[in-house]
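Accompanying notes for the structure given below.
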Amino acid sequence: MSQEKITKYDHKKIEQLWKEKWYADNIYEAVDFSPKPKKYILAELPYPSGKSLHVGHAMRYTVPEMYSRFLRMKGYNVMFPMGWDAFGLPTEMYAIKNGVSPQDATKKLAIDYKKAFMDIGYGVDWNREINTTDPEYYKWTQWLFLKFYENGLAEYKDMPVWYSQTAGILADEEVINGENGEKIAERDGSKVERKMFKQWVLKIPAYTEKLLEGLNQVDFPESIKSAQINWIGKKEGINITYKIKDSKETVTVFTTRPDTNFGATFVVIAPEHPLVERIIKPEFKTKVMEYARKSKNKSELERMEGGKNKSGEFTGSYAINGLNGYEMPIYVADYVLMGFGTGVVVGVPGHDRRDFEFAGLFNLPVVRVVVGGDGDTSDITKIEQVQEDEGTMINSSFLDGMDIHKATQKIMDFMVEKGMGERSTTYKIRDWIFSRQRYWGEPIPVIHTQDGKTQALADRLLPLELPYSNDYTADSFGTAPLGKLKAWIKTQDKNGQPAERESQTMPTWAGSSWYFLRYIDPHNDKAFADFKKMKYWLPVDKYFGGAEHTTVHLLYSRFWHRFLYDLGLVPCPEPYQWRMNGGLMLGPDGKKMSKRLGNIVEPGVLIENYGADATRIALAFIGPYSDTYPWNENTIKAMWRLVKNIYDLKEKVVLGDVKQDDESEAIKKSYNKLVKNVTEMCNALKMNTAISEIMIFVNDLKRTKTVDVETWKGFIKVIAPFMPFVAEELWQEINNFTTWDKNNSIHWQSWPKFDKTQIQNVATSLPIMINGKIRGQMTTTPIDTEETIRVKIAEDGKLRTYLQDKEIKKLVFVTGKIVSIQI
RNA sequence: GGGCGAGUGGCGGAAUGGCAUACGCGCGACACUUAAAAUGUCGUGGCCGCAAGGUCAUGAGGGUUCAAGUCCCUCCUCGCCCACCA
């Protein structure tokens, strides 16, 4: 096989030639149990719903991919895998639009996406490609779901859910605030409302403590940790039980501020709370029940508007505050939520804004029990006087004079001792609704028996394949698309009795909750992954993804993994050692790329016009990975020039000895700096500045006449992670390789080293600062000391004008950095 | 309302407490061209100055330090996430 020599930079020829060879020989193979140290570099798997890869997504893969190439050259056994997360509504809608089945659409999209990934030259081990919609894959998603089921962490129960006519049943995290504050479906922007449905849930609240504790073991940015901590929403407080006047019933409230309890003047119950019916006085029944019914049907928009305009009804009953015997009227109001704490709140209007608003509505007394920094002890009449943060107790018996934090502890101890309450911890995170009334998802491998119970499918019946259907719509109430397939739904339980299959499917998050495990052992048909292989590869060393997944995918997949760890099925408690969130690539107009605005930039077009190398470095150079910025068409033009300039520089390479002169010395110095800086920047994942360093070196080379062959080869290695195609071409050419051998690929070479002495032991220009201003420069070498510097300064003509007749009060000399003088 | 983060040229952005504005874009001048595009060379924070040089600039104001974009305090603005969560 002979390789045609390419003399003029022609990205199409170069890219076609090398990508064929790379992928045919799978040069980016990740080797199980290799003696080399491993690195598992993971980027969130794409969701192939559109025609092809989006430039915004390409940006998120390019930097991690460059990093994985750098590590491979540094001698690591690198896994940089790729797969397709293809269940879910977008694929279903794509299929409908194109008149094909979701199964066929997914197959085609996966092929298109894979081609796009190859076109841009991503160094993926394609033997590990996965697709979450492949029955051989979702067999294990189902199997893992049954582990939750067997351990009581997957349950079928009535849950309030969001419901949209077009998007079906949605979980909290799939519903966002629309432009006018109204709740809409994230998927398609349709209106949603609250409904009760029988749902499968995964009980993530059972894992809150482990998930919180696990954050201490991982290297995540503070912002991600705190987002997850807030999402879990752990609050420590106390459940206080009050007796109800003239009744055997009691009412229990949750509060984090029992210190203010001497200022409690009323109690509020959530309208749907079961206690309401038991404590209500007959003469108030009609009104309260009417109120409860109304608030149940209130849309979220109305409830939010209610935030400015409180409402409620008196029940006729009173709770007795054990601290002071105060009789607190009990109300129902929908600003109290059933799902948090005990569903009952004690009203302290002097020190809680919502309680103050409510007290105003019913003319309830407002009592001050905390004095803030302003010392105000007057009656509280305005919302501005309500304060919650810091202060000292008053009007509170034995708490008076105490700081509120101390008082909080004191009163809790007191109440626990007197049997008035129990310390309690509550969490914001709820059960994770894990079923959807959609067609295109993993069938839940459970059957409903005649007696109304559920039964898991036996392992040998997995995968439970998704049956073909032409009808992807759910009935407006009750029946999921699969429920319409009567023949499929009908089945038998373990005892041969008639039973029905579950008709709901799993959410999009199912397959992606454990996909990183399947990459480790993608073809295993005995287990979701081999334990020894997991032990070798886990945890994921670096995980890159979108900020929008911080509290959804990232947290929930940690939950799956931690659960599997507790079962002894995976070797480590935390799946991801390190995480970085990627920013967003906006359109050239600075707006979020969208079909509607027509500002989408497609990487395929860029690759066609400017080449994959230019596209790659444009995506990495335009800004830091985590930031959001607009696409700029000029950038890729500049990057194309850079690649072309590099290609043309090969004419300057001298194969024999190069004449030693100032020019060759300068290049040597510049080269060593290049290697040092690019190495550091790759380690720090600052690919934008790494590319700047390459530009600086290229600028230096452009100014010189020749470059020696060793420097040139080192330079090609440096650019290889960024511009893999042109690097391969130049590498093959300079080495005169006439036939392809993967061992000779630039991508199997080792990363160059640099010579420290070339950077350090050189004369440098040292700035001289006098009274905080730079007043001169001076040539120094590393052997200079403070003494020699003092002499040089005294001799310097220019500096003398500043120092004349002045005494040097202080002189600070930082080697190689600065001399700072005070006069 | 709560949490997190960010404010540096015309723009994207650099800068372990040590010469602010690297690198790129854009712009200007010049070269090549009949001309334009492309390409190349040089220049490019503001103000004063022919120049040498001086001086002011990292959202605003204070502070620590020989030295602050960087650390501390107060404030302003913007972005993202959460939000009647007790």
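In what follows, every chain begins at residue 1, and chains take the letters A, B, ... in the order their sequences are listed.
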Less than 4.0 angstrom between a side-chain N/O of A/R353 and OP1 or OP2 of B/G2, yes or no?
no
Within the 3.5 Å criterion, strictly below it, is a donor on A/T252 or A/T241 matched to an acceptor on the partner's side chain? yes
Against the side chain of A/V812, the closest entry in B/C66, B/C82, B/C25 is B/C66
Using atom C1' in both nucleotides, what's the gap between B/A20 and B/A15 to the nearest angstrom?
7 Å
- request: Report yes if a side-chain nitrogen or oxygen of A/R641 is closer than 4.0 Å to either non-bridging phosphate oxygen (OP1 or OP2) of B/C25; otherwise report no.
  value: yes
Between A/Y629 and A/K702, the residue closer to the 5' end of RNA chain B by nearest nucleotide is A/Y629
ask   = Under 4.0 angstrom, heavy atoms only, what part of the nucleic acid is A/N688 near: base, sugar-phosphate, or nothing?
value = sugar-phosphate
Between NZ of A/K817 and C1' of B/A15 the distance, given in whole Å, is 11 Å
When rounded to whole Å, the CZ to P distance for the pair A/R257 and B/G2 reads 14 Å
Regarding A/N239 and A/E422, do their side chains bring together a donor and an acceptor under 3.5 Å, going by distance alone? no
Notebook entry, point to check: Expressed in whole Å, how much space separates the C1' atoms belonging to B/G12 and B/A6?
Noted result: 15 Å
Can you check whether any acceptor in the base of B/C4 is under 3.5 Å from a donor in the side chain of A/S223, or vice versa?
no
* Under 4.0 Å: is that the gap between some side-chain N or O of A/R703 and OP1 or OP2 of B/U41? -> no
Please check the phosphate of B/C56 (OP1 and OP2 only) for any side-chain N or O of A/K773 closer than 4.0 Å. yes
Original post:
When you compare B/U58 with B/A14, how far apart are their C1' atoms, in angstrom units rounded to a whole number?
Top reply: 12 Å
Separation of B/C81 atom P from A/L584 atom CG, nearest Å, is 10 Å
Problem - Any donor-acceptor N or O pair under 3.5 Å, side chains A/S670, A/D700 - result: yes
(Q) If the threshold is 4.0 Å, N to carboxylate O, is there a salt bridge linking A/K705 and A/E651? (A) no
- Task: Would you tell me whether A/Y335 and A/D355 have side-chain atoms, one donor and one acceptor, within less than 3.5 Å of each other?
- Result: yes
When rounded to whole Å, the CD1 to P distance for the pair A/I622 and B/G13 reads 9 Å
Tell me if a side-chain donor or acceptor on A/K810 pairs with a main-chain N or O of A/I821 at a distance below 3.5 Å.
no
Can you check whether A/I429 reaches A/T208 side chain to side chain, under 4.5 Å on heavy atoms? yes
message: Between B/G63 and B/G53, how far apart are the two P atoms, rounded to whole Å?
response: 33 Å
### Query
A/N230 side chain N/O closer than 4.0 Å to the phosphate oxygens (OP1, OP2) of B/C82?
no
Closest to the side chain of A/P767, out of B/G26, B/U41, B/C19, is B/C19
**Item:** Short side-chain N/O contact to B/G24 OP1/OP2 from A/N699, under 4.0 Å
**Value:** yes
- Item | Below 4.0 Å: OP1/OP2 of B/C66 and any side-chain N or O of A/K810 | yes
Give me the distance, rounded to whole Å, that separates B/A83 from B/C76 when you measure between the C1' atoms they each carry. 24 Å
Ranking B/C25, B/G12, B/G40 by distance to the side chain of A/N645, first place goes to B/G40
To the nearest angstrom, the CD-C1' distance between A/E633 and B/G12 comes to 15 Å
To the nearest angstrom, the NE2-P distance between A/H549 and B/C81 comes to 13 Å
Below 4.0 angstrom from OP1 or OP2 of B/A15, is there any side-chain N or O of A/K686? yes
With the side chain defined as heavy atoms from C-beta on, A/F621 is closest, among B/G18, B/A14, B/C23, to B/C23
What does A/N634 touch in the nucleic acid at a heavy-atom separation under 4.0 angstrom: a base, only the sugar-phosphate, or nothing? sugar-phosphate
Stems of at least 3 consecutive Watson-Crick or G-U wobble pairs (donor-acceptor distances under 3.5 Å) involving RNA chain B, listed by first number, are B:1-7 with B:76-82, B:10-12 with B:23-25, B:26-31 with B:39-44, B:45-48 with B:53-56, B:59-63 with B:71-75
Per nearest nucleotide of RNA chain B, the residue lying toward the 5' end, A/D352 or A/T628, is A/T628
Classified by glycosidic angle (syn within 90° of 0, else anti), B/G9 comes out syn
Donor-acceptor pair under 3.5 Å: do we get one between A/E548's side chain and the base of B/C81? no
* A/P221 near the nucleic acid: base, sugar-phosphate alone, or nothing, with a heavy-atom cut-off under 4.0 Å? -> nothing
Using the C1' atom as the point on both nucleotides, what is the distance between B/C4 and B/G54, in whole Å?
44 Å
Practice prompt. Look at the side chain of A/K310 and the base of B/C84, then say whether one donor and one acceptor between them are separated by less than 3.5 Å.
Written response: yes
Between B/U39 and B/G24, how far is it from one P atom to the other, in whole Å?
-> 14 Å
**Study point:** A/F715 ring center near A/Y671 ring center (under 6.0 Å)
**Key:** no
For this session: Using a strict cut-off of less than 4.0 Å between a Lys/Arg side-chain nitrogen and an Asp/Glu carboxylate oxygen, indicate whether A/E357 and A/R353 qualify as a salt bridge.
Result: no
With the side chain defined as heavy atoms from C-beta on, A/S226 is closest, among B/C19, B/C66, B/C4, to B/C4
Applying a 4.0 Å non-hydrogen cut-off, can you work out what A/T256 is touching in the nucleic acid: base, sugar-phosphate, or nothing? sugar-phosphate
Problem - Basic-acidic side-chain contact under 4.0 Å: A/K652, A/E663 - result: no
Whole-Å distance, A/D648 CG to B/G40 C1', equals 13 Å
Closest of B/A22, B/A67, B/G54 to the A/I696 side chain is B/A22
message = If we count only N and O atoms by modelled type, under 3.5 Å, do the side chains of A/S311 and A/Y291 hold a donor and an acceptor together?
response = yes
Between NZ of A/K428 and P of B/C81 the distance, given in whole Å, is 15 Å
Closest to the side chain of A/Q777, out of B/C23, B/C19, B/G13, is B/C19
For this session: Pick base, sugar-phosphate or nothing for A/A638, based on heavy-atom distances below 4.0 Å to the nucleic acid.
Result: sugar-phosphate
Discussion item. Less than 4.0 angstrom between a side-chain N/O of A/Y802 and OP1 or OP2 of B/G54, yes or no?
Written reply: yes
Q. What interatomic distance, in whole Å, is found between C1' of B/C19 and the corresponding atom of B/C11?
A. 25 Å
